[in-house]
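Model, not experiment: these values are computed from the prediction.
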Amino acid sequence: MSSNYTTIKSLSENTGKQVTLAGWLYNSRASGKIQFLIIRDGTGLCQCIVEKGNVPDEIFEQLKHIGQESSLTVTGTIRAEPRSVGGYEMAVTDAKIISVSEGYPITPKSHGIDFLLKNRHLHLRSHLQWCILKIRHTVIDAVRRFFNDNGFTLIDTPIITSIAGEEEQSLFEVDYFGTPLHLTQTGQLHLESAAMSCGKVYCFGPTFRAEKSKTRRHLTEFWMVEPEVAFIELPGLLELAENFVSSIVSRVLSDNRAELEALGANIEALEKITPPFYRLTYTDCVNILTSDKTKDFLVNQLQEFLEEKKQIETRITELESQDTGKLKQWQKDKNAAELIELRSTLAETEIKIENNPRHAQLAAAFKWGKDLGGSDETIISLMHDKPIFVTHYPKQAKAFYMKTDRENEDVVLNFDMLAPAGFGEIIGGSIREDDYDRLVSRINKQGLKPENYEWYLDLRKYGSVPHGGFGLGIERTVAWLTDQKHIRQCIPFPRMMDKVYI
RNA sequence: UCCCCGAUAGCUCAAUAGGUAGAGCGAGCGGCUGUUAACCGCUAGGUCGUAGGUUCGAGCCCUACUCGGGGAGCCA
């Protein structure tokens, strides 16, 4: 592929040279005889300086009147300029407008999420969204690189399937020539059969969950990567998972530092993400949740929230009571923006204050045997600065295929990996039950029909081996790394419960 | 499914005690040679989500509905 256009990404190799950029007008400011055009070309942003006299007069006039997102080419000399976005800028000598854009709906000011999702096809052009897309790309590439470099074979598992991974999960039904089938929620069962062929395998694709989950951590369609390994025990699997996640983090840190900075991600926290991660058993977690330490932790947290609320309210009152008549317009503007920001932070803090006692109660009353709830995971996660493995969950709370711990028949050899600082679960995995009779009995106990799992049971009939694997949610990983409050920003076109915008 | 909050200009938000609907951005025109969500001046832009009710009078109060946001359960 060749192009006559230079990319903004490669400007550092082009200082002093005359080049042509092709892109879109991201933003522009004009000041009489000088114009500042911020151009984006898909590889970055570049400020282009148009001075009257340096370009033909009619070009100068045309550029003054083109709207945001007009497409154009600009030609000029590149120089380093620390004041400029990206560190370089172009002294424009010529330009060509390709297509004029008028009334672009997404302005440089703030917008509501509903509006942005309705305009998702355009919102993707915004810088922060672009940063997330770039990081998502790196995450996916790092995922593939890790497995490909470590002897794994890619196995594509079916999207339309007749077998369910979890028990009575809500699945999307598909009319398959008259037979009701459903969209896959995991490739795991098929993957296990491939692991018995290739040893180490992984699948990577979209997965579908019809759960009625309306939270910032859920999508109905999301991407998941699932490795599956033959001849592995739980400690080996945890090691694989921590090396895997660490390699993703370090790739993003080295390839997308600028994007992380633009997004306001916590880079220092990410730099700490190296093996080994914390290892807790489910029982440890129950003890932590019901301990005085946790009680105090939550009480302190509530105090912090209340203090935060007070500070925000004070600041709001301060801004509101200012004599606006005397202020300059730009100051009013800034205050208005701050007020909007403060009000939304306040609303969030109030929700946290409201939730805190409920979470404290849930944690304190936690009984061994129940699955860990979202708030419980958040508490554990908040107490740690690195990802946490939670292992050995009660058998009754978990899926039929998880291997019973032979040393403690009440628990299974599984794990969840919680991302730190309150983010919560990004991986779920387990060692799989490899004993034929035990697996049949688990299937029966959970009210499932063994005849639906015949081929799956075959894997335990013909050369069964200890094996296991896990699933990592791509969007959750991206949301964690980029410090996004909501997962819906981490997939180009999100599908949420009852809501598909475009 | 349940709980909380919201809907006012293209967008983000105001409207004090129920009394003539307001600002910024964006759009259009003009001014300004270093701007960083630039700035300054002017212009256009509204059936206050829908339906009903209370009232001399409703953006504001009441009822229902629609749509949206957040949270719970469940999960990656």
Q: Dump the intermediate steps for side-chain hydrogen bond (donor to acceptor under 3.5 Å, both in side chains) on A:Glu192 and A:Gln188, then the final yes or no.
A: CA-CA 6 Å; A:Glu192 283 183 49; A:Gln188 180 206 319; 2.8 Å; yes
Q: Contact class for A:Glu51 (heavy atom, under 4.0 Å): base, sugar-phosphate, or nothing?
A: base
Q: Using only modelled atom types and a 3.5 angstrom limit, is any donor from either the side chain of A:Arg79 or the base of B:G34 paired with an acceptor on the other?
A: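 Checked by distance alone, the answer is yes.
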Q: Answer with base, sugar-phosphate or nothing: what part of the nucleic acid does A:His127 contact at a heavy-atom distance below 4.0 Å?
A: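 Here A:His127 touches no strand at all.
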Q: Is A:Phe222 touching bases, backbone alone, or none of the nucleic acid, heavy atoms closer than 4.0 Å?
A: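 Base contact.
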Q: Under 3.5 Å, is there an N or O donor on one side and an acceptor on the other linking the side chain of A:Glu89 and the base of B:G34?
A: yes
Q: Is the shortest side-chain N to carboxylate O distance from A:Lys33 to A:Glu51 below 4.0 Å?
A: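 No, no charged N to carboxylate O under 4.0 Å.
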Q: For atom P, what is the distance between B:A76 and B:G52, given to the nearest Å?
A: 49 Å
Q: Please state how far atom CH2 in A:Trp480 lies from atom P in B:A76, giving the value in whole angstrom units.
A: 17 Å
Q: When the distance from CG of A:Leu45 to P of B:U36 is rounded to whole Å, what number comes out?
A: 17 Å
Q: What is the distance, rounded to the nearest whole Å, between atom CG of A:Asp416 and atom P of B:A76?
A: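 For the pair A:Asp416 CG and B:A76 P, the rounded distance is 7 Å.
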Q: Does a side-chain N or O of A:Arg476 approach OP1 or OP2 of B:A76 to a distance below 4.0 Å, or not?
A: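 Answer is no, no contact under 4.0 Å.
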Q: Please report, rounded to the nearest Å, how far the C1' atom of B:C29 is from the CD atom of A:Glu61.
A: 12 Å
Q: Of A:Ile474, A:Thr207, A:Ile487, which is the lone residue that meets side chain to side chain contact (heavy atoms under 4.5 Å, CB included) with A:Phe222?
A: A:Thr207
Q: From the set B:G71, B:C29, B:U35, return the single nucleotide nearest to any side-chain atom of A:His65.
A: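 When the side chain of A:His65 is considered, B:C29 is the closest of B:G71, B:C29, B:U35.
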Q: Would you please indicate yes or no on a ring centroid separation below 6.0 angstrom for A:Phe146 and A:Phe152?
A: no
Q: What interatomic distance, in whole Å, is found between P of B:C11 and the corresponding atom of B:G69?
A: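 That atom pair is separated by 16 Å.
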Q: When you measure only distances, ignoring hydrogens and angles, does the side chain of A:Gln35 come within 3.5 Å of the base of B:U35 through a donor and an acceptor?
A: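 Side chain to base: no pair present.
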Q: In terms of side-chain heavy atoms of A:His111, which of B:G34, B:G73, B:C11 is nearest?
A: B:C11
Q: Mapping A:Ile49 and A:Pro105 onto RNA chain B by nearest heavy atom, which one lands closer to the 5' end?
A: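 So the residue in question is A:Pro105.
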Q: Atom NZ of A:Lys64 and atom C1' of B:G31: how far apart are they, to the nearest Å?
A: 9 Å
Q: Look at A:Asn27 and B:A38 and indicate whether a side-chain polar atom (N or O) is within less than 4.0 Å of OP1 or OP2.
A: yes
Q: How is A:Tyr501 classified with respect to the nucleic acid when contacts are heavy atoms under 4.0 Å: base, sugar-phosphate, or nothing?
A: sugar-phosphate
Q: Go nucleotide by nucleotide along RNA chain B from the 5' end; which of A:Leu362 and A:Gly473 gets its closest nucleotide reached first?
A: A:Leu362
